[in-house]
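Inspection log for the structure reproduced underneath, given as structure tokens.
The model shown is predicted, which means the values in this text are computed figures rather than measured ones. Scope of the values below: all heavy atoms of this structure, side chains included, with no hydrogens, waters or symmetry mates. Each chain gets a letter, A, B and so on, in the order its sequence line appears, and its residues count up from 1.
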Amino acid sequence: MAVKRKIIKERVPTPEMPAEERIKSFAEVNLGYTFELAVKEAERCLQCPYNYAPCIKGCPVHIDIPGFISKLVQYRDDPDKAVKEALNVIWACNSLPATTGRVCPQEDQCEMNCVMGKVGDKINIGKLERFVADYAREKGIDEELLFEIIPKIEKKGQSVAIIGAGPAGLTAAGELAKLGYDVTIYEALHEAGGVLMYGIPEFRLPKSIVESEIDKLRKLGVKILTDHVVGRTVTIEELLEEYDAVFIGSGAGTPRLINAPGINLNGIYTANEFLTRVNLMKAYLFPEYDTPVKVGKRVVVIGAGNTAMDAARSARRFGAEVTIAYRRGPEDVSARVEEVHHAKEEGIKFEFYINPVEFIGDENGKVKAVKFEKMKALDERDSRGKRKIVGTGEYVTLEADTVIIAIGKHPNRLIVNTPGLKVERGRIVVDENLMTSIPGVFAGGDAIRGEATVILAMGDGRMAAKAIHEYLTKKRENRNA
Amino acid sequence: MRNIWYRIHAPHVAKKVQPGQFVIVRAFKNGERIPLTPVMWDRDEGWIVLITFIRGRTTMRMANELKPGDEILNIAGPLGNPAEMEKFGKILAIGAYTGIVEVYPIAKAWQELGNEVTTLHVTFEPMVVLKDELEEAVGRHILETVPIDPNLDFPTNMKNVTKRLTEKVRELLEKEEYDMVFMVGPAGDQRAVFNVVKEFGIPMKSDLHPIMVDGTGMCGACRVTVGGEVKFACIDGPEFDAYQVNWDELIARSGYYTDMEQRAMQEYMKALQGGEQ
Ligand SMILES: Cc1cc2nc3c(=O)[nH]c(=O)nc-3n(C[C@H](O)[C@H](O)[C@H](O)COP(=O)(O)OP(=O)(O)OC[C@H]3O[C@@H](n4cnc5c(N)ncnc54)[C@H](O)[C@@H]3O)c2cc1C
Ligand SMILES: Cc1cc2nc3c(=O)[nH]c(=O)nc-3n(C[C@H](O)[C@H](O)[C@H](O)COP(=O)(O)OP(=O)(O)OC[C@H]3O[C@@H](n4cnc5c(N)ncnc54)[C@H](O)[C@@H]3O)c2cc1C
Ligand code: SF4
Ligand code: FES
């Protein structure tokens, strides 16, 4: 018989650094739950039955959400045990919970479906996930769990090469290592992590957390070769000679530019360049760190996705007045709700329905303003369900010392140009097992989807690992037969 | 202003590198990623040679802080497209300043292919490099040095190099018939040389050096306008048709960080004088 519970309508809030303080530093904004607060929030969960729980259905990798939440309540007298049990549940589906707990668009996934929403606030699933991961890391519980797994791994004697150390590649690597394959990751940059490292800023996802997640992979025996650019240092054909299978998780790294006069003026950054300078190269610590970045007094960011919010909030931390310019309306902003909310709190302005048509420079080739055409929305919708927009023939000019273009990215060309690899609209084509047109070569994440999300990339990584396991099992059996 | 040679064990690069390609080096934990060119290599022994002259903080730090036996944190590559290896005929391959170190592997390979290669190196006296190696590798090596006049400021001294460079190119093109001109060097000097070459209507290829960050096509820092289209020098280049390049834009973009570079250098010098690292 079900126990009658008292319904607590309000969410237990997580503490946050006040806006006026946080725009002065790159320290993390959201401070996360303590164990006591986490248990309080966990108690609000109705524990919907597994096969019904709508939150699980909303999660792209189907984490047993009520399952992990219940552990926090069940073992409330023994926090270490509670976290260990909860982490064990999460790990079955997700190996990077400290990351996803911070960056998943929960409001569109698990939390969107939470039944508590009908009577009050939805359960704060993301922050609970993050709490479990953070507590486990701080107390070494994740390592304990890892060292229980490692001795059980049966070596298969086959090897897999992974291209790219982003969420897709890292997840595939972890899963394959657990299955007993020898895994080597080839990463172009000097640090593993992909967008988590070079794109998403410290104040949203501290780099030490990404590093610790990667450290765990190394403990699982995954080899990571940084500074290895596939397509240049080594080709996919060569990898196939050396390894039994290959997984491409090279992401969508090539920035899209705006085809308008003046795009190459100084002071116009792609979001990728700007964020790479700031995050990966720590330009906010210049001159202690050698890499420079120039952020003027007036910054205009073009676009309204997560990338735009990250660029805008980073620029704000250099003391700039920041405006986000978007050609559509507020309802089409694709960034996470939490980030938009944080951006507004931090004093970032939003201008909707304007589309850049020209970048205006001074006599030194440096940008000083952006000319926009005013747009209007029609009732008609496009294939993605967004309202179509058209130009009005009216213009407006915003002054800007720095412009950041954040309108999207294409998959990396060095990989896409591999002979025999089928590609459509710049994206690698895969079958239902995530295998590409080259036998033994699998792909996932942004490389096949264009720009997507961390959890979708991880989901692909898991699925590809499973498919690669099946593929290699057959290969083993054939060899032994 | 010394030329510094680094022989580095980097088998992943040595195995693959072709003339015309470059690497991205990050030598220190708080360091920048900078593009440099493998000048020589041994595929079997797994080493490459990089040659820099001290430009700013990174090249200065490398010269000061790296000792034989030390480890360089990161070398990514080889990057960029290899130079086209064809029989072009009679080639004038020009290097201004350290540009010549990038010319060397390409000119050598062209000569080996049966081209008739003349290399021209114009630089300040203390920066002469690869003289013997080039004399051995190509048909003819011309070295033109410009003395540094201590009474003039540095930009004026550099103008003297540009002047000598263009004069010499004009002299050569007037006297001899070349099928192709190739050049590596600062964008301003490239444009100056291009303006001469254009008068003679000879095809010209340029290795471009825009500011780079990742070198893998991910950041867009290296974008240049070529033939009216935006190209990324790191994955579409670094070699382009000089006739198609928007030189003014490239020159403006190359100088964007000069003030910050100077500040970084000053801070470094201050730290050195203070006896710290
Ligand atoms: C600024 C920004 C903010 C974002 N915010 C969010 C968010 O809040 N929530 C969310 O869910 N998603 C967010 N995203 C999207 C999310 O980060 C991506 O969908 C996800 O990282 C894709 O993972 P991936 O593994 O496919 O690729 P990536 O993370 O792009 O990793 C690809 C890796 O492959 C490497 N690589 C590329 N080419 C080669 C090569 N030729 N050889 C070797 N290595 C190569 C790259 O260097 C990189 O490390 C954001 C993206 C950006 C840019
Ligand atoms: C493809 C390529 C190959 C190169 N090969 C060589 C080489 O073999 N030997 C050599 O000495 N130099 C080479 N360079 C130039 C070298 O990268 C710069 O001299 C170096 O980055 C200067 O760094 P710094 O900190 O010492 O000087 P800084 O004070 O930072 O800069 C001095 C000048 O160098 C240029 N520069 C600075 N940062 C970069 C960057 N990230 N990318 C490109 N240019 C930059 C700018 O014009 C700047 O004004 C090459 C450049 C490119 C693009
Ligand atoms: S839907 Fe909400 S209440 Fe139900 S199990 Fe999931 S998180 Fe708990
Ligand atoms: S250096 Fe980043 S795209 Fe070329």
Side-chain angles (χ1 to χ4, degrees), chain A residues 186-191 198 225-235 238 250-257 259 262-277 280-283 285-294 361 363-366 405 409-410 412-414 417, chain B residues 10 12-13 15-17 21 23-34 56-58 61 73-81 210-211 213-225 230 232 235-236 246 248-253 255-257 259-261 263-268:
Chain A
Y186 289 77
E187 167 56 50
L189 292 173
H190 62 265
E191 261 177 305
Y198 76 73
L225 298 177
T226 51
D227 304 307
H228 280 66
V229 185
V230 177
R232 294 265 193 236
T233 315
V234 60
T235 62
E238 288 166 326
S250 52
T254 307
R256 276 178 56 196
L257 290 167
N259 190 7
I263 186 70
N264 290 353
L265 288 167
N266 275 328
I268 303 181
Y269 286 103
T270 68
N272 257 11
E273 179 186 354
F274 181 72
L275 290 169
T276 300
R277 284 181 182 270
L280 187 72
M281 307 311 294
K282 307 228 181 309
L285 297 175
F286 181 90
E288 189 196 324
Y289 277 71
D290 288 347
T291 304
V293 69
K294 284 197 178 182
E363 61 287 354
N364 300 317
K366 157 97 193 8
I405 314 283
K409 301 184 294 162
H410 297 299
N412 187 296
R413 271 193 271 155
L414 287 178
N417 290 343
Chain B
H12 66 295
V13 180
K15 201 171 149 191
K16 266 297 165 64
V17 62
Q21 292 189 296
V23 292
I24 296 261
V25 171
R26 174 176 165 267
F28 310 102
K29 208 162 166 42
N30 61 350
E32 235 181 313
R33 293 169 63 95
I34 66 160
R57 175 144 120 169
T58 304
R61 280 187 73 185
L73 276 184
N74 303 98
I75 297 190
L79 300 167
N81 295 300
I211 290 178
V213 181
D214 63 305
T216 68
M218 188 203 90
C219 73
C222 66
R223 58 193 199 270
V224 287
T225 304
V230 179
F232 289 4
I235 53 171
D236 299 320
N246 182 335
D248 294 342
E249 180 189 281
L250 178 68
I251 291 165
R253 283 184 71 79
Y256 189 47
Y257 292 104
D259 54 337
M260 292 183 87
E261 283 154 1
R263 194 177 139 214
M265 188 68 168
Q266 278 156 8
E267 301 255 343
Y268 183 66

Chain A contact via B:L79 - which portion, at a heavy-atom distance below 4.5 Å: both

What heavy-atom pair brings A:A188 and B:A76 nearest, and what distance separates the two atoms? O-CB, 4.1 Å

Contact class of B:V23 relative to chain A, heavy atoms under 4.5 angstrom: neither

Could you check whether any side-chain heavy atom of A:K282 comes within less than 4.5 Å of a side-chain heavy atom of B:N30, counting everything from C-beta outward? no

Whatever's closer than 4.5 Å to a heavy atom in chain B on A:E238 counts as side chain

Of the backbone (N, CA, C, O) and the side chain (C-beta and beyond), which part of B:I211 lies under 4.5 Å from a heavy atom of chain A, both, or neither? side chain

If you compare all heavy atoms of A:L265 against all heavy atoms of B:R223, which two are closest, and at what distance to 0.1 Å? O-NH2, 4.5 Å

Can you tell which of A:I405, A:N412, A:V293 has the highest number of heavy-atom pairs within less than 4.5 Å of chain B? A:V293

Between A:T233 and B:P78 the two heavy atoms that sit nearest each other are CA-CD, 4.0 Å

Per-residue contact mode, A:K366 against chain B (heavy atom under 4.5 angstrom): side chain

Is it true that A:R277 and B:E32 make a salt bridge, defined as a side-chain N closer than 4.0 Å to a carboxylate O? no

Top of B:G56, B:G215, B:G217 for chain A proximity - count of heavy-atom pairs under 4.5 angstrom: B:G217

Quick check on A:F274 against chain B: is it the side chain, the backbone, both or neither that has a heavy atom closer than 4.5 Å? neither

Top contributor to chain B contacts, counting heavy-atom pairs under 4.5 Å, from A:L275, A:L257, A:L285, A:L280: A:L257

Cation-pi between A:K294 and B:Y256: NZ/CZ under 6.0 Å from ring centre and within 45° of the ring axis? yes

To the nearest 0.5 Å, what is the distance between CZ on A:F286 and OH on B:Y257? 10.5 Å

Between B:V224, B:D236, B:L73, which has the largest tally of heavy atom pairs under 4.5 Å with chain A? B:D236

Can you name the nearest heavy-atom pair linking A:T291 to B:G31, along with the distance? OG1-O, 4.1 Å

Report which part of B:K15 has an atom under 4.5 Å of a heavy atom belonging to chain A: side chain, backbone, both, or neither. neither

As a quick check of understanding, evaluate side-chain contact (heavy atoms from CB on, under 4.5 Å) for B:K16 and A:T235, giving each step before the final call. CA-CA 10 Å; B:K16 266 297 165 64; A:T235 62; 4.2 Å; yes

Measuring from atom CG of A:N364 to atom CD1 of B:I251, what distance do you get when rounded to the nearest 0.5 angstrom? 13.0 Å

What closest approach, in Å, do A:P255 and B:G220 show between heavy atoms, and which atom pair accounts for it? CG-N, 4.2 Å

Using a strict 4.0 Å threshold on nitrogen-to-oxygen distance, state whether B:R33 and A:D290 make a salt bridge. no

Give me the one residue out of A:L414, A:L189, A:T254 that meets side-chain contact (heavy atoms from CB on, under 4.5 Å) with B:M218. A:L189

Is the closest basic N to carboxylate O distance between A:D227 and B:R26 below 4.0 Å? no

Within the distance-only criterion (no hydrogens, no angle test), does the side chain of B:R57 pair as donor or acceptor with the backbone N or O of A:P287 below 3.5 angstrom? yes

Mutual orientation of the aromatic rings belonging to A:H228 and B:H12 [parallel < 30°, tilted 30-60°, perpendicular > 60°]: parallel

When the 4.5 angstrom heavy-atom criterion is applied to A:S250 and chain B, the contacting part is neither

Pick one of side chain, backbone, both or neither for B:D248, based on which atoms fall under 4.5 Å of a heavy atom in chain A. neither

Heavy-atom contact with chain A under 4.5 Å, split by part of B:R253: both

Calculate, to the nearest 0.5 Å, the distance between atoms CD1 and NE2 belonging to B:I75 and A:H190 respectively. 13.5 Å

Measure the shortest side-chain to side-chain distance between A:E288 and B:E267 over non-hydrogen atoms and say whether it is less than 4.5 angstrom. no

